[in-house]
K.L.:
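So that we are looking at the same thing, I have put the structure below in C-alpha cells.
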Amino acid sequence: MAKAKLPDGNILEITDGATVADLAGQIGPGLLRVSIAAKINDQLVDLSTPITGDVDVVIITTKDELGLEIVRHSCAHIMAEAICSIWPAAKLVYGPTVTDGFYYDIDLDEPIRPEDFGAIEKKMKEIIKGDTPFERIEMTRGEAEAKMAGDVYKLDNIANAKGDVLSFYRHGSDGFEDLCRGPHVPRTKLIDAKGFKVMSVAGAYWHGDASQKMLQRVYGTAWRDKKELADYLFRLEEAKKRDHRLLGKQMDLFSFHEEGPGFAFLHPKGMKVWNAVIDYWRDVHRRYGYEEIKTPIMLNESLWHKSGHWDNYKENMYFTTVDEVTYAVKPMNCPGGLLVYKSNKHSYREFPMRVAELGLVHRYEASGQMHGLVRVRQFTQDDAHIFCMPDQIEAEIVGVIDLLQEMYKTFGFEDYHVELSTKPDKHIGSDEIWETATNALRGALEHKGMDYQINEGDGAFYGPKIDFHISDCLNRSWQLGTIQLDFSMPQRFELTYVDQDNTEKTPVMIHRAILGSLERFMGILIEHFGGNMPLWLAPEQVRVLPISEKTNDYAYDVLAKLKKCGLYAVVDTSDDKVGAKIARAHADKVPYMLVVGPKEAQETAVNVRIRQSQETQTLSLEEFISTAVSKNDDKSLDLSL
RNA sequence: GCUGCUGUAGCUCAGUGGUAGAGCGCGUCCUUGGUAAGGACGAGGUCAUGGGUUCAAAUCCCAUCAGCAGCUCCA
C-alpha cells in the first residue's frame with residue numbers, strides 16, 4: 001500500500017500505482033472535479049501520475065494560484081494548436097506563462113494580426129469544448145531529438161532541457177503534441193471557454209537576442225471564469241486611464257511635437273508641478289548639506305574623449321560644430337562637475353563634499369525606446385556628486401538613502417524596489433576597491449534595513465551601484481534613483497585632495513540621483529496619483545465657482561485673497577450652471593471647489609467641495625485659506641479640511 | 001533599431017475610389033440657474049508628408065516622418 005500524506009496531516013492509504021486523480025476522488029468527488037495537478041514531495045505533476053511509496057501530496061485545484069498558472073500554460077498549448085491549425089506553416093518556439101496570462105512565440109512569415117484573434121479564439125473554444133485529455137508522453141533525449149529532427153526551435157528547447165527523460169503533451173482530436181515539462185490540466189474543459197482572451201501580438205527576438213530572428217509573440221490572458229476575465233479587462237482599462245500621456249493631454253500639462261521627438265514641452269500647468277517638485281528638492285538638499293552648481297549643456301568634444309564618453313557612447317550623443325570647433329551636448333553632468341572641482345585645490349577637511357546639479361542632458365535614444373515623459377531624449381537629472389575618502393563611503397550612502405526615503409515618502413511612494421549591482425566582467429579598478437565599495441553599498445542597505453535584490457555582474461564598468469525602481473500604471477518598471485560609485489572619473493580627470501599627512505590623494509566619487517530624471521519622475525507622479533495630485537503639487541489648487549453672474553464680484557474677491565496667500569486659484573465665470581462648473585472642475589482634477597452665492601457673499605464664507613467627493617461644507621473664507629495654506633506648506637497628501 | 005498596428009477639426013473618434021462627419025472643446029447670443037454637464041446659432045480640416053496607380057485618391061500601392069504595443073537597448 002502507498003501512503004499519501006496530505007497537508008492537513010491526514011494519511012490516506014491507496015493502492016500502489018493508483019494515480020493522484022484516484023486519490024483526489026477518494027478525498028471527495030467535489031475535489032476531483034476542480035483538481036488540476038498536484039505536488040508530490042514538492043514536485044509538480046499531472047493528475048494522472050501514479051503514486052508509489054510513502055509521499056506528501058498537495059492537490060492543486062482551479063482555486064489555487066498555481067492552478068491558475070497551470071490553466072494559463074495549458075491555454076498557451078491550446079492557442080498554439082489553434083494557430084497551427086489556421087497557419088500550418090507556423091513553427092512553435094516557446095510558450096510560458098507571465099503575470100496575468102501567457103504568450104507563445106511563433107515563427108511564421110505571414111503576420112498574425114489583431115483581426116485574426118477572433119478566429120484563433122473561436123478555434124480555441126472548439127478545442128476546449130472537445131474536452132480531450134492532456135496526455136503526457138515520455139521518451140529519452142535521443143528519441144525526442146529524433147522526433148523533432150529538423151525543427152531548430154524544438155531541438156534547441158531539447159538541448160536546454162534538463163534530465164534524460166523528456167516529455168511531450170498531446171491533446172485535441174487531431175493529436176496536437178508539444179514538447180513540454182508540464183504539468184497540464186487533465187482535460188481541456190478545465191479551462192473556461194469564456195475565461196480567456198487573445199490580447200496582442202508583437203515581435204520578439206529568438207532567445208531575446210537582437211541578432212537573432214524576430215518571432216511573433218502572441219499574448220493571451222486566462223482566468224478561472226468569465227467574471228474574473230471581465231474584472232481583469234476592467235482593471236486594465238482603469239489602469240490605462242492613469243496613463244501620464246493621456247492625463248498630460250487632458251490636464252494640459254505637457255505636449256510632444258514632431259519637430260522634436262523625445263523632447264517634452266511643458267505647459268504652464270506642467271511647469272507648476274515641475275516647480276513644486278524643484279522647490280521641494282532644493283529645500284531638502286540644503287538641509288542635507290548639498291551645494292548646487294550649474295554647468296553648460298555643451299562642451300568641447302575633447303572633454304568627452306577624456307571622460308571616455310566619446311569612445312563608449314558617441315552614437316547616443318548630439319554634436320554641433322561652430323567655427324570648426326565641435327561641441328558635444330552633454331549626456332551626463334559629471335565632466336562639467338569635475339571641471340568645477342578642479343578649479344580649486346581641495347583638502348580632506350572639505351570632505352565629504354556634496355555638489356548637486358539639476359543638469360539638462362541629451363541622449364539620442366533609439367526611436368522605439370521613447371515613451372511619454374518616462375523615456376525621452378532630453379531630460380533633467382537631479383544629479384549630485386559626492387567627493388569623499390574611502391572610510392566615508394558607507395556613511396555617505398546611508399545619508400543618500402535617508403534623503404531618498406524622505407523625498408519618496410513626501411511624494412507618497414512606498415512601493416519601490418531596490419537593486420544592488422556588482423562587478424561586471426568588463427571593469428576597471430582593483431578587486432580590492434570593488435570589494436570595499438560593494439561592501440559599503442551593501443552595508444548601507446543593511447544598516448537601513450532595506451530589502452534588495454542583487455544583480456550579480458550588472459554594475460557599471462566604473463563601479464557598483466544601487467538602483468531604485470518604481471512601476472507605472474501598467475506595471476512596467478522604471479528606474480528613478482541611483483547611487484553609483486565611480487573609480488574611473490577621478491583617475492581620468494586626475495582629481496586630488498590633500499590629506500592629513502600633506503600628500504595628494506585621489507578622492508572617491510559617488511554619483512547619485514534621487515528622482516532620476518525630473519521628466520520621468522513627473523510622469524510617474526502623474527500615474528501614481530492618477531492625475532489627482534496632492535494640494536502642494538496640484539497645478540490648479542482651488543477653483544471658485546460663482547452661482548450666477550450676481551456673485552461674480554464676490555468670487556473675484558475670494559480669488560484675489562487666495563492668490564495673495566500663494567495658492568494657485570482660478571475663477572469660473574462661464575454662464576454654465578453650477579452643476580456644470582462642478583463637473584468640469586472634477587474633470588480638471590482641482591482639489592478644492594469653492595461654490596459661492598449670495599449666502600456665502602453675505603457671510604464672507606465659501607462652500608467647499610473636495611475633489612472626488614459629493615459632500616460640501618461651508619467655512620469662513622479665512623478658515624479655508626488658513627487650512628489650505630498650512631496643508632500646502634506641510635505637503636500634506638490628504639485634502640480633508 | 002526590430003516586428004506588427006495607427007495617423008481625418010484643439011481633443012476623442014466615425015466614415016467612404018466620386019461635394020468632409022459626430023460628440024466634447026472654442027466663439028456669439030439666449031438663459032442668472034445652489035452642487036457631476038440648460039438651449040440656439042456659428043467658426044474650425046490640403047483627411048501626417050512625398051511619390052505612384054486611376055477619368056477621379058483622404059480612401060488602393062510604395063517611401064518618409066511621427067505615435068502605439070512588444071522585443072532589444074539604456075555607457
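Predicted, not measured: the structure shown is a model, and the values here were computed from it. A note on names: the letters A, B, ... follow the listed sequences, proteins ahead of strands, and every chain is numbered from 1.
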K.L.:
Between rG34(B), rG33(B), rG38(B), which nucleotide has the shortest distance from any of its atoms to the side chain of S548(A)?
P.N.:
rG33(B)
K.L.:
Does G208(A) reach a base, just sugar-phosphate, or nothing at all? Heavy atoms under 4.0 Å.
P.N.:
sugar-phosphate
K.L.:
Please tell me which of the listed nucleotides, rA75(B), rG67(B), rG34(B), lies nearest to the side chain of V578(A)?
P.N.:
rG34(B)
K.L.:
So if I take every side-chain heavy atom of K550(A) and compare against rU35(B), rU72(B), rG33(B), which nucleotide ends up nearest?
P.N.:
rG33(B)
K.L.:
What's the NZ-C1' distance between K314(A) and rA75(B), to the nearest Å?
P.N.:
12 Å
K.L.:
In whole Å, measure the gap between the P atoms of rC41(B) and rU49(B) for me.
P.N.:
32 Å
K.L.:
If we take the C1' atom in both rA20(B) and rA63(B), what is their distance in whole Å?
P.N.:
27 Å
K.L.:
Does rG67(B) have OP1 or OP2 under 4.0 Å away from a side-chain N or O of R245(A)?
P.N.:
no
K.L.:
How would you label the contact of A583(A) with the nucleic acid (heavy atoms, under 4.0 Å): base, sugar-phosphate, or nothing?
P.N.:
base
K.L.:
How is H371(A) classified with respect to the nucleic acid when contacts are heavy atoms under 4.0 Å: base, sugar-phosphate, or nothing?
P.N.:
sugar-phosphate
K.L.:
Rounded to the nearest angstrom, tell me the gap between atom CZ in F256(A) and atom P in rG10(B).
P.N.:
20 Å
K.L.:
Write down the partner of rG67(B) under the Watson-Crick or G-U wobble criteria, each distance required to be under 3.5 Å.
P.N.:
rC5(B)
K.L.:
In whole Å, I'd like the distance from the CG atom of D572(A) to the P atom of rU35(B).
P.N.:
16 Å
K.L.:
Quiz question: by atom type and distance under 3.5 Å, do the side chains of D156(A) and H207(A) form a donor-acceptor pair?
P.N.:
yes
K.L.:
Taking the same atom, P, in rG15(B) and in rU8(B), what whole-Å distance lies between them?
P.N.:
14 Å
K.L.:
How would you label the contact of M593(A) with the nucleic acid (heavy atoms, under 4.0 Å): base, sugar-phosphate, or nothing?
P.N.:
nothing
K.L.:
For rG1(B), does the base pair up with any side-chain atom of Y205(A) as donor and acceptor (N or O, under 3.5 Å, distance only)?
P.N.:
yes
K.L.:
NA contact type, G579(A), heavy-atom cut-off 4.0 Å: base, sugar-phosphate, or nothing?
P.N.:
sugar-phosphate
K.L.:
Mind checking V201(A) for me? I need base, sugar-phosphate or nothing, with any heavy atom below 4.0 Å counting as a touch.
P.N.:
nothing
K.L.:
May I ask you to verify whether the side chain of Q369(A) and the base of rU72(B) hold a donor-acceptor pair under 3.5 Å?
P.N.:
yes
K.L.:
Looking at every non-hydrogen atom in both residues, tell me the closest pair between M509(A) and F387(A) and how far apart they are.
P.N.:
CG-CE2, 4.1 Å
K.L.:
What is the nucleic acid contact for P114(A), judged by heavy atoms within less than 4.0 Å: base, sugar-phosphate only, or nothing?
P.N.:
nothing
K.L.:
Is S200(A) near enough to rA69(B) that one of its side-chain N or O atoms lies under 4.0 angstrom from OP1 or OP2?
P.N.:
no
K.L.:
Determine whether a donor-acceptor pair (one donor, one acceptor, N or O, separation below 3.5 Å) exists between the side chain of R609(A) and the base of rA36(B).
P.N.:
yes
K.L.:
Can you identify which nucleotide, out of rG34(B), rA37(B), rA69(B), has its nearest atom closest to the A587(A) side chain?
P.N.:
rA37(B)
K.L.:
Side chain of A460(A), heavy atoms from C-beta onward: which of rU32(B), rU35(B), rA75(B) has the nearest atom to it?
P.N.:
rA75(B)
K.L.:
Give me the distance, rounded to whole Å, that separates rA14(B) from rC47(B) when you measure between the C1' atoms they each carry.
P.N.:
13 Å
K.L.:
Just by distance, with hydrogens left out, do Q369(A) and H371(A) show a side-chain donor and acceptor under 3.5 Å apart?
P.N.:
no
K.L.:
Can you tell which of rU35(B), rC71(B), rG67(B) lies closest to the side chain of Y219(A)?
P.N.:
rC71(B)
K.L.:
Distance check, rounded to the nearest 0.5 Å: E69(A) atom CD versus C75(A) atom SG?
P.N.:
13.5 Å
K.L.:
Nearest whole angstrom, please: distance from the P of rU3(B) to the CZ of R113(A).
P.N.:
14 Å
K.L.:
If you check the A580(A) side chain, which of rA37(B), rA69(B), rU35(B) turns out closest?
P.N.:
rA37(B)
K.L.:
Between rA43(B) and rC24(B), how far apart are the C1' atoms? Round to whole Å, please.
P.N.:
16 Å
K.L.:
So among Q484(A), K465(A), H385(A), which one has a side-chain hydrogen bond (donor to acceptor under 3.5 Å, both in side chains) with H511(A)?
P.N.:
H385(A)
K.L.:
In whole angstrom, what separates K599(A)'s NZ from rG34(B)'s P?
P.N.:
10 Å
K.L.:
Could you please name the option among rA37(B), rG34(B), rG70(B) that lies closest to any side-chain atom of R476(A)?
P.N.:
rG70(B)
K.L.:
Does the rU72(B) base have a donor-acceptor partner in the side chain of D209(A) within less than 3.5 Å?
P.N.:
no
K.L.:
Any donor-acceptor pair under 3.5 Å between the side chain of D575(A) and the base of rC30(B)?
P.N.:
yes
K.L.:
Mind checking whether W434(A) and H427(A) have parallel, tilted or perpendicular rings, split at 30° and 60°?
P.N.:
perpendicular
K.L.:
With both distances under 3.5 angstrom, what nucleotide forms a Watson-Crick or G-U wobble pair with rC74(B)?
P.N.:
none
K.L.:
Under 4.0 Å, heavy atoms only, any strand: does N607(A) hit a base, just the sugar-phosphate, or nothing?
P.N.:
base
K.L.:
Does K577(A) place a side-chain N or O at less than 4.0 Å from the phosphate oxygens OP1/OP2 of rA36(B)?
P.N.:
no
K.L.:
Side chains of N607(A) and L594(A): does their closest heavy-atom pair fall under 4.5 Å?
P.N.:
no
K.L.:
Answer with yes or no whether E600(A) presents, from its side chain, a donor or acceptor under 3.5 Å of a partner atom in the base of rG34(B).
P.N.:
yes
K.L.:
What is the distance, to the nearest angstrom, from the CD atom on E110(A) to the P atom on rG4(B)?
P.N.:
12 Å
K.L.:
Is it the case that rC73(B) (base atoms only) and R363(A) (side chain only) share a donor and an acceptor within less than 3.5 Å, ignoring hydrogens and angles?
P.N.:
no
K.L.:
Quantified in whole Å, what is the P atom distance between nucleotide rU54(B) and nucleotide rA58(B)?
P.N.:
16 Å
K.L.:
With rounding to the closest Å, how many angstrom separate the C1' atoms on rU46(B) and rU59(B)?
P.N.:
15 Å
K.L.:
Between rC71(B), rG1(B), rU35(B), which nucleotide gets closest to the side-chain atoms of A366(A)?
P.N.:
rG1(B)
K.L.:
Using whole Å, what does the distance between atom P of nucleotide rC2(B) and atom CD of Q212(A) come to?
P.N.:
17 Å
K.L.:
Given the C1' atoms of rG17(B) and rG52(B), what is the spacing between them in whole Å?
P.N.:
15 Å
K.L.:
Got Y408(A) and L480(A) here, is their nearest side-chain heavy-atom distance under 4.5 Å?
P.N.:
yes
K.L.:
Are H586(A) and rA37(B) close enough that a side-chain N or O sits under 4.0 Å from OP1 or OP2?
P.N.:
no
K.L.:
Tell me the interatomic distance from D576(A), atom CG, to rU35(B), atom P, rounded to whole angstroms.
P.N.:
15 Å
K.L.:
Which is true for F461(A) with a 4.0 Å heavy-atom rule: it touches a base, it touches only sugar-phosphate, or it touches nothing?
P.N.:
sugar-phosphate
K.L.:
Evaluate the ring planes of F254(A) and F256(A), with Trp represented by its six-membered ring, and classify them as parallel (under 30°), tilted (30 to 60°) or perpendicular (over 60°).
P.N.:
perpendicular
K.L.:
Please compare R377(A) and Q612(A) by the position of their nearest nucleotide in RNA chain B and report the one closer to 5'.
P.N.:
Q612(A)
K.L.:
Which is more 5' along RNA chain B, the nucleotide nearest Y313(A) or the one nearest R611(A)? Just name the residue.
P.N.:
R611(A)
K.L.:
Test Y592(A) against F624(A) for ring-ring contact (aromatic ring centres under 6.0 Å, His included), laying out the working first.
P.N.:
CA-CA 10 Å; Y592(A) 294 119; F624(A) 170 77; 5.3 Å; yes
